Visitor: 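Starting off with a structure, shown below.
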There are 2 protein chains.
Amino acid sequence: MTNLPAKELIRIFPLFDIALADFIHEKGESKIFEPGEVLMRPGQYFKYAMLIVDGKVKLYREGEEGEEFFMYYLERGNACALSMLCMARSESSTVMALAQEKTEVIMIPIQYMDTLMREYAAWYHFVIETYRARFEELLTVVDQIAFKNMDERLEWYLDKQAKTLGKDLQLTHQQIANDINSSREVVSRLLKKLENSGRVTMERNIIHWKG
Amino acid sequence: MTNLPAKELIRIFPLFDIALADFIHEKGESKIFEPGEVLMRPGQYFKYAMLIVDGKVKLYREGEEGEEFFMYYLERGNACALSMLCMARSESSTVMALAQEKTEVIMIPIQYMDTLMREYAAWYHFVIETYRARFEELLTVVDQIAFKNMDERLEWYLDKQAKTLGKDLQLTHQQIANDINSSREVVSRLLKKLENSGRVTMERNIIHWKG
DNA sequence: TGCTAATTGTGATTTTTGTCACAAGGGCTG
DNA sequence: CAGCCCTTGTGACAAAAATCACAATTAGCA
């Protein structure tokens with residue numbers, strides 16, 4: 001049982017209808033993740049589908065030698081597509097999900113999936129829209145790394161960050177390098193170029209992105 | 001109405017049960033695509049979910065300047081995740097799907113989706129498994145281009161090709177270069193290396209892959 | 001058979017990216 | 001305020017990949 005009334009759920013998840021919101025309110029379990037806490041790690045099996053009520057979750061793929069590659073953020077109103085996909089077959093996850101800030105999540109136990117799918121049209125519309133959005137997002141990631149050079153990829157990355165975290169990004173060059181799988185020096189140099197062309201200004205630990 | 005009896009459908013799509021197979025047999029429409037024919041192109045809207053009965057379909061992402069990047073093949077027993085995802089909202093496609101050989105497809109009109117989802121548990125299990133498999137596949141693609149060098153990517157590519165098309169690959173170096181978004185010369189040189197190390201032998205237009 | 005187009009091989013060069021080395025500065029703590 | 005760690009800047013170099021140029025070979029077909 002969540003602490004969120006059905007009406008509030010519908011505000012956060014616009015695809016829900018009353019019946020579904022009631023069900024989720026009843027059967028879902030609220031949980032808070034603190035910044036830095038892991039929601040999901042590679043190899044983990046799922047017992048819950050996860051809906052993000054508030055906060056931000058960073059999803060990234062881990063390479064064999066511990067590299068990491070940023071994929072996207074989940075925020076208010078999103079759901080973790082992988083938790084829903086893998087759950088349905090008790091498959092294990094292949095990506096890492098980390099609470100970026102204090103994050104409130106509704107966890108829906110696996111045993112309700114059949115009922116939800118069968119009896120709540122709004123639910124499977126929501127599920128399908130979730131998959132679609134994430135698949136689309138992942139395709140744009142492929143575009144970037146397949147077709148673009150570092151300078152464009154960096155701009156795209158900053159833009160994406162700014163859209164979810166705001167224009168003033170608290171990031172070190174090293175963190176950026178990790179996220180886009182480049183090196184600190186390269187990022188530093190490219191940022192300098194962007195600064196010269198007026199697209200960013202920089203302070204220690206902060207990058208101000210100007211669209 | 002398809003020409004495939006329900007029992008045959010279950011053989012091809014093991015997640016189907018009798019009830020579902022009957023429904024698909026009744027409402028699905030068989031269609032043949034000739035080699036080179038387009039099943040789906042960027043910007044196209046969907047009226048059908050597509051299930052592959054036989055043949056092979058090549059899926060690739062198109063870049064802004066006409067580059068193409070190979071993602072994966074669909075074959076017997078697979079379904080096109082995108083046709084199902086986008087259909088649910090009549091979104092347009094973002095990838096290109098091309099019949100690689102003569103391909104038989106069952107097309108299920110969009111208006112049956114709600115019924116299928118609600119009344120056939122086997123259907124949504126199938127749908128979810130389809131999404132999961134494709135998402136997973138796309139993640140491995142990201143791994144490759146994010147973390148690996150061309151030599152490893154080429155090996156991975158050849159391995160993937162061999163798994164669906166067999167060990168004797170009718171490909172020119174140029175075609176490979178297009179698929180992995182590299183250049184012909186680079187591919188030629190890397191193939192020479194692989195040949196020297198005994199992992200492939202080459203003829204004109206053919207590459208014999210040795211695991 | 002002989003010509004032509006497609007395919008492949010390879011050296012030289014350039015561009016892009018990553019790595020190494022080291023310096024400068026900021027900010028925090030003892 | 002002294003020391004230290006973290007962050008950033010930058011030059012020099014190395015590695016990976018793309019591009020350019022051109023030769024050699026093969027297959028198809030006129």
Side-chain angles (χ1 to χ4, degrees), chain A residues 36 63-70 141-158 161 168-209, chain B residues 36 63-70 141-158 161 168-209:
Chain A
E64 287 164 5
E65 280 103 32
E67 319 96 307
E68 53 189 62
F69 190 89
F70 170 70
V141 170
V142 170
D143 277 357
Q144 291 297 316
I145 48 183
F147 300 134
K148 308 290 190 184
N149 287 351
M150 269 305 162
D151 51 352
E152 290 184 89
R153 283 175 52 194
L154 177 61
E155 288 190 44
W156 184 76
Y157 169 84
L158 292 172
Q161 293 290 319
D168 304 314
L169 299 163
Q170 286 206 22
L171 292 165
T172 67
H173 300 181
Q174 185 62 62
Q175 286 175 300
I176 296 174
N178 292 341
D179 278 357
I180 63 179
N181 198 51
S182 178
S183 71
R184 201 262 312 161
E185 297 90 324
V186 171
V187 171
S188 278
R189 278 188 261 261
L190 292 176
L191 279 172
K192 206 94 229 81
K193 271 198 210 166
L194 285 176
E195 192 173 42
N196 292 336
S197 72
R199 315 223 23 204
V200 299
T201 53
M202 291 192 280
E203 297 172 56
R204 189 188 172 87
N205 291 317
I206 299 177
I207 290 161
H208 303 279
W209 175 246
Chain B
E64 286 163 6
E65 280 102 32
E67 319 98 306
E68 53 190 61
F69 190 89
F70 170 71
V141 170
V142 170
D143 278 356
Q144 291 296 316
I145 48 183
F147 300 133
K148 309 289 189 184
N149 287 349
M150 268 305 163
D151 51 353
E152 290 185 270
R153 283 175 52 193
L154 176 61
E155 288 191 44
W156 185 76
Y157 169 84
L158 291 173
Q161 293 289 319
D168 304 314
L169 299 163
Q170 286 205 21
L171 292 166
T172 67
H173 301 181
Q174 185 62 63
Q175 286 176 300
I176 296 173
N178 292 341
D179 278 357
I180 63 179
N181 198 51
S182 177
S183 71
R184 201 261 313 160
E185 297 91 322
V186 171
V187 171
S188 278
R189 278 188 261 261
L190 292 176
L191 279 172
K192 224 19 11 351
K193 271 199 211 165
L194 286 176
E195 192 173 42
N196 291 338
S197 72
R199 316 229 14 209
V200 299
T201 54
M202 291 192 280
E203 297 173 56
R204 191 189 174 85
N205 291 318
I206 300 176
I207 290 161
H208 304 278
W209 175 246

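Numbered from 1 within each chain, the chains take letters A, B, ... in sequence-line order. This is a predicted model, so every value here is computed, not measured.
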Visitor: May I ask you to verify whether the side chain of A:Arg184 and the base of C:dT17 hold a donor-acceptor pair under 3.5 Å?
Guide: no
Visitor: What I want to check is whether the side chains of A:Asn178 and A:Gln174 have a donor and an acceptor closer together than 3.5 Å.
Guide: yes
Visitor: Does the pair A:Trp156 and A:Val141 meet the rule for a side-chain contact (heavy atoms from CB on, under 4.5 Å), with working shown?
Guide: CA-CA 10 Å; A:Trp156 184 76; A:Val141 170; 4.0 Å; yes
Visitor: Can you tell me if A:Ser182 touches the phosphate of C:dG18, counting only side-chain N or O atoms and a distance under 4.0 Å to OP1 or OP2?
Guide: yes
Visitor: What is the distance from CD1 of B:Ile145 to C1' of D:dA16, rounded to the nearest Å?
Guide: 17 Å
Visitor: What's the CG-C1' distance between B:Leu169 and C:dT8, to the nearest Å?
Guide: 17 Å
Visitor: Donor-acceptor pair under 3.5 Å: do we get one between A:Arg153's side chain and the base of C:dT16?
Guide: no
Visitor: Between the base of D:dC6 and the side chain of A:Gln174, is there a donor and acceptor pair under 3.5 angstrom?
Guide: no
Visitor: Report yes if at least one side-chain N or O of A:Lys192 is closer than 4.0 Å to OP1 or OP2 of D:dG9; otherwise report no.
Guide: yes
Visitor: Go through it in stages, so that I can follow the logic: the residues are A:Glu155 and A:Lys193, the test is salt bridge (Lys or Arg N to Asp or Glu O under 4.0 Å), and I'd like the CA-CA distance, side-chain angles, deciding distance and then a yes or no.
Guide: CA-CA 11 Å; A:Glu155 288 190 44; A:Lys193 271 198 210 166; over 6 Å; no
Visitor: Round to a whole Å and report the spacing from CG of A:Asn149 to P of C:dT14.
Guide: 18 Å
Visitor: Remember a base hit wins even if backbone is also touched, and classify A:Asp151 as base, sugar-phosphate or nothing at under 4.0 Å, heavy atoms.
Guide: nothing
Visitor: Looking only at side-chain atoms of B:Arg189, point me to the closest of C:dT19, C:dG9, D:dT19.
Guide: D:dT19
Visitor: Checking contacts here: which listed nucleotide (C:dT17, D:dT8, D:dC20) is nearest the side-chain heavy atoms of B:Glu185?
Guide: D:dC20
Visitor: Report the nucleotide, chosen from C:dG11, C:dG18, D:dT8, that has the shortest atom-to-atom distance to any side-chain atom of A:Val186.
Guide: C:dG18
Visitor: Quick one: which of B:Leu158, B:Val186, B:Asn196 gives a side chain to side chain contact (heavy atoms under 4.5 Å, CB included) with B:Leu191?
Guide: B:Leu158
Visitor: How long is the line joining CG of A:Asn205 and C1' of C:dG25, in whole Å?
Guide: 13 Å
Visitor: How would you label the contact of A:Thr172 with the nucleic acid (heavy atoms, under 4.0 Å): base, sugar-phosphate, or nothing?
Guide: sugar-phosphate
Visitor: Looking at D:dT26, does its base get a donor-acceptor pair with the side chain of B:Arg204 below 3.5 Å?
Guide: yes
Visitor: In whole Å, what is the span from the CG atom of B:Leu190 to the C1' atom of C:dT10?
Guide: 14 Å
Visitor: Can you check the B:Ile180 CD1 to D:dA16 C1' distance for me, whole Å?
Guide: 13 Å
Visitor: Are more than 12 heavy atoms from other residues, nucleotides or ligands located less than 6.0 Å from atom CD of B:Glu67?
Guide: yes
Visitor: Rounded to the nearest Å, what distance is computed from the NE2 atom of residue B:His173 to the P atom of nucleotide C:dT8?
Guide: 4 Å
Visitor: What is the distance, rounded to the nearest whole Å, between atom CG of A:Leu171 and atom C1' of D:dT8?
Guide: 15 Å
